[in-house]
Engineer: 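Before anything else, here's the structure in question.
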Protein chains: 2
Amino acid sequence: MNMKAFSTLAGLSSYTLRYYEKVGLLNNIQRNSSGHRVYTAKDLEWINFVKRLKDTGMTLTKIQQYAQLRSLGPGTVLDRQQLLECHKDQLQAHIELQKNHLLALENKISLYKANKVS
Amino acid sequence: MNMKAFSTLAGLSSYTLRYYEKVGLLNNIQRNSSGHRVYTAKDLEWINFVKRLKDTGMTLTKIQQYAQLRSLGPGTVLDRQQLLECHKDQLQAHIELQKNHLLALENKISLYKANKVS
DNA sequence: AGTTGACTTAGAGTTAACTCTAACTTGTAA
DNA sequence: TTACAAGTTAGAGTTAACTCTAAGTCAACT
């Protein structure tokens, strides 16, 4: 898969994909005879997971740490599992906080509806 | 209330508070005879709401729009209500998305636990 | 053979949201 | 009264995460 196709499937610009490679989020991307990147289905699977981590507020630096453990091979599975579990806990806390914010917001809106705000 | 006290209660640095004033998030802050800012309990109430909006992902530009409507007086209550309702909908969508991400993450972790990741 | 479009790199520019510096003034305590 | 903590301003610097530019290569059409 070339840059154009991968960019479309990943939903990320070619700029961003090259940047992600530069900062170590995408490792060992193949090249063809003329030096152009060649992406695989595995790469797509990986970038989708990267996007998910990013969407849940993980910084690129943290994702890079996970990516690095991953490229170090099977000896790092426990570290990776722990990293994900830690992130899961943070995500759970984030969701609870946002739910709380939602309640407060609904409360504020009901004040507007009751003409109690000016 | 002086800068130091307000900064502590608001949980924001004096730099940030001056910055928020500069970008129009804090309007009509009183000054004492020597030109120092004097904050009120109302200001604290307001900054707490600003923080909540920010924590739920609203940009400072958007919050500034709300702040501006607010300082235009009671004629803008409907606009403000609509702005908040729109943000509420976005927040609800955000929470649902994050819940989804959480499920996917838990799934991934269970693969690690079942030794199905290397 | 020439043009087009996709690709490459290194490195510069952008945006949001702070965060700090420099130079100065003012209020309080010893 | 002298130190020092806290305040002021304008404006520069920082960080994350892109986003773009310039200058060039390369493969596929016309």
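Every chain is numbered from 1 and lettered A, B, ... according to where its sequence line falls, protein lines coming before strand lines.
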Engineer: Does OP1 or OP2 of C:dC7 have a side-chain N or O of A:S14 closer than 4.0 Å?
Structural biologist: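 Answer no for this pair, as no side-chain N or O of A:S14 is under 4.0 Å from OP1 or OP2.
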Engineer: When you check the phosphate oxygens OP1 and OP2 of D:dC18, does a side-chain N or O of A:Y20 lie under 4.0 Å from one of them?
Structural biologist: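 Yes, within the criterion.
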Engineer: For D:dC26 and A:R31 - does any side-chain N or O of the residue sit under 4.0 Å from the phosphate oxygens OP1/OP2?
Structural biologist: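 Checking A:R31 against D:dC26: no side-chain N or O falls below 4.0 Å of OP1 or OP2.
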Engineer: For A:R18, which contact category applies under a 4.0 Å heavy-atom criterion: base, sugar-phosphate, or nothing?
Structural biologist: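 Base: the residue A:R18, judged by heavy atoms under 4.0 Å, touches a nucleobase.
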Engineer: If we ignore angles and hydrogens, is there a donor and acceptor under 3.5 Å between the side chains of B:H94 and A:H94?
Structural biologist: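 Yes.
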Engineer: Starting the side chain at C-beta, find the nucleotide from D:dC20, D:dA17, C:dT19 nearest to A:K54.
Structural biologist: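 Taking heavy atoms from C-beta onward, the closest nucleotide is D:dA17.
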Engineer: Take atom CG in A:D89; do more than 12 heavy atoms of anything else shown fall under 6.0 Å from it?
Structural biologist: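 More than 12 within 6.0 Å, yes.
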Engineer: Would you say A:N2 places a side-chain N or O within less than 4.0 Å of OP1 or OP2 belonging to C:dC7?
Structural biologist: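 Looking at the OP1 and OP2 atoms of C:dC7, one of them is under 4.0 Å from a side-chain N or O of A:N2.
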Engineer: Describe, in one word, how the ring planes of A:Y39 and A:F6 are oriented to each other, choosing from parallel (under 30°), tilted (30 to 60°) and perpendicular (over 60°).
Structural biologist: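 Parallel: the ring planes of A:Y39 and A:F6 meet at under 30°.
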Engineer: Picking from C:dT8, D:dC18, C:dT19, which would you name as closest to the side chain of A:T16?
Structural biologist: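 The answer is D:dC18.
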Engineer: Which nucleotide, C:dC18, C:dG27, D:dA6, lies nearest any side-chain atom of B:Y19?
Structural biologist: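 Closest of the options to the side chain of B:Y19: C:dC18.
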Engineer: Out of D:dC18, D:dG11, C:dA17, which has the shortest distance to the side chain of A:L60?
Structural biologist: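 Given the options D:dC18, D:dG11, C:dA17, the side chain of A:L60 is closest to D:dC18.
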Engineer: Under 4.0 Å, heavy atoms only, any strand: does A:K62 hit a base, just the sugar-phosphate, or nothing?
Structural biologist: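 Answer is nothing: A:K62 stays at 4.0 Å or more from every strand.
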Engineer: Select base, sugar-phosphate, or nothing to describe what A:T59 touches, counting heavy atoms under 4.0 Å on all strands.
Structural biologist: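 Sugar-phosphate only.
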Engineer: Do A:T40 and A:D43 have side-chain atoms, one donor and one acceptor, less than 3.5 Å apart?
Structural biologist: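 A:D43 and A:T40 do have a side-chain donor-acceptor pair below 3.5 Å.
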Engineer: Return whichever of A:G35 or A:K22 has its heavy-atom-nearest nucleotide of DNA chain C closer to the 5' end.
Structural biologist: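 Looking at the nearest nucleotide for each, A:G35 comes out on the 5' side.
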Engineer: From C-beta outward on A:M3, which listed nucleotide comes closest to its side chain: C:dC7, D:dG7, C:dG27?
Structural biologist: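 Looking only at heavy atoms from C-beta outward on A:M3, the closest nucleotide is C:dC7.
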Engineer: With DNA chain D as reference, determine whether B:R37 or A:M58 sits nearer its 5' end, using the nearest nucleotide of each.
Structural biologist: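 Going by which nucleotide is closer to the 5' end, it is B:R37.
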